[in-house]
Novice: 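Right, I'll just put the structure down here and ask away after.
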Amino acid sequence: MTPRSIRQLTFAQKPATGRRLHVVPAPEPRPEPTHPAERRMRDAGGPNDRACYSCGCGFVFIAPVSTSVHCPHCAAEQAW
């Protein structure tokens with residue numbers, strides 16, 4: 001066997017000044033994995049922010065959660 005010799009290529013190369021740089025945008029972040037129960041709640045419109053209140057007049061009603069809820073029957077303010 002004869003040893004192979006390494007030769008340098010002698011053809012002309014393009015000058016480096018004629019090249020343009022290609023800018024690659026950063027990849028979009030991956031979505032965070034969600035729990036199946038959380039995904040179902042989000043798809044259904046989110047949590048239901050309503051509560052059941054009972055008034056001193058005996059009327060029980062459902063109203064949005066708030067610090068100042070009034071009874072629809074007697075208009076008394078409910079303390080939270």
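As the structure is a computational prediction, the values presented were derived from the model and not from experiment.
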Novice: List for me each residue that meets side chain to side chain contact (heavy atoms under 4.5 Å, CB included) alongside His73, sequence neighbours excluded, and say none if there are none.
Specialist: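 With neighbours one apart ignored, the set is Cys57, Phe59, Cys71.
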
Novice: Sequence neighbours left out, what passes salt bridge (Lys or Arg N to Asp or Glu O under 4.0 Å) with Glu38? Give chain and number order.
Specialist: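 Listed in chain order: Arg42.
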
Novice: So how far is it from Phe61 CZ to His70 NE2, rounded to the nearest 0.5 Å?
Specialist: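 Answer rounded to 0.5 Å: 9.5 Å.
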
Novice: Is there a side-chain contact between Val60 and Cys55 in this structure, where contact means two heavy atoms from C-beta onward sitting under 4.5 Å apart?
Specialist: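 Val60 vs Cys55: side chains apart.
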
Novice: Distance from His35 atom NE2 to Met41 atom CE, nearest 0.5 Å?
Specialist: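 These two atoms lie 11.5 Å from each other.
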
Novice: Which heavy atom of Ile62 sits nearest a heavy atom of Arg50, and at what distance?
Specialist: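 Reported closest heavy-atom pair: O-NH2, 3.5 Å.
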
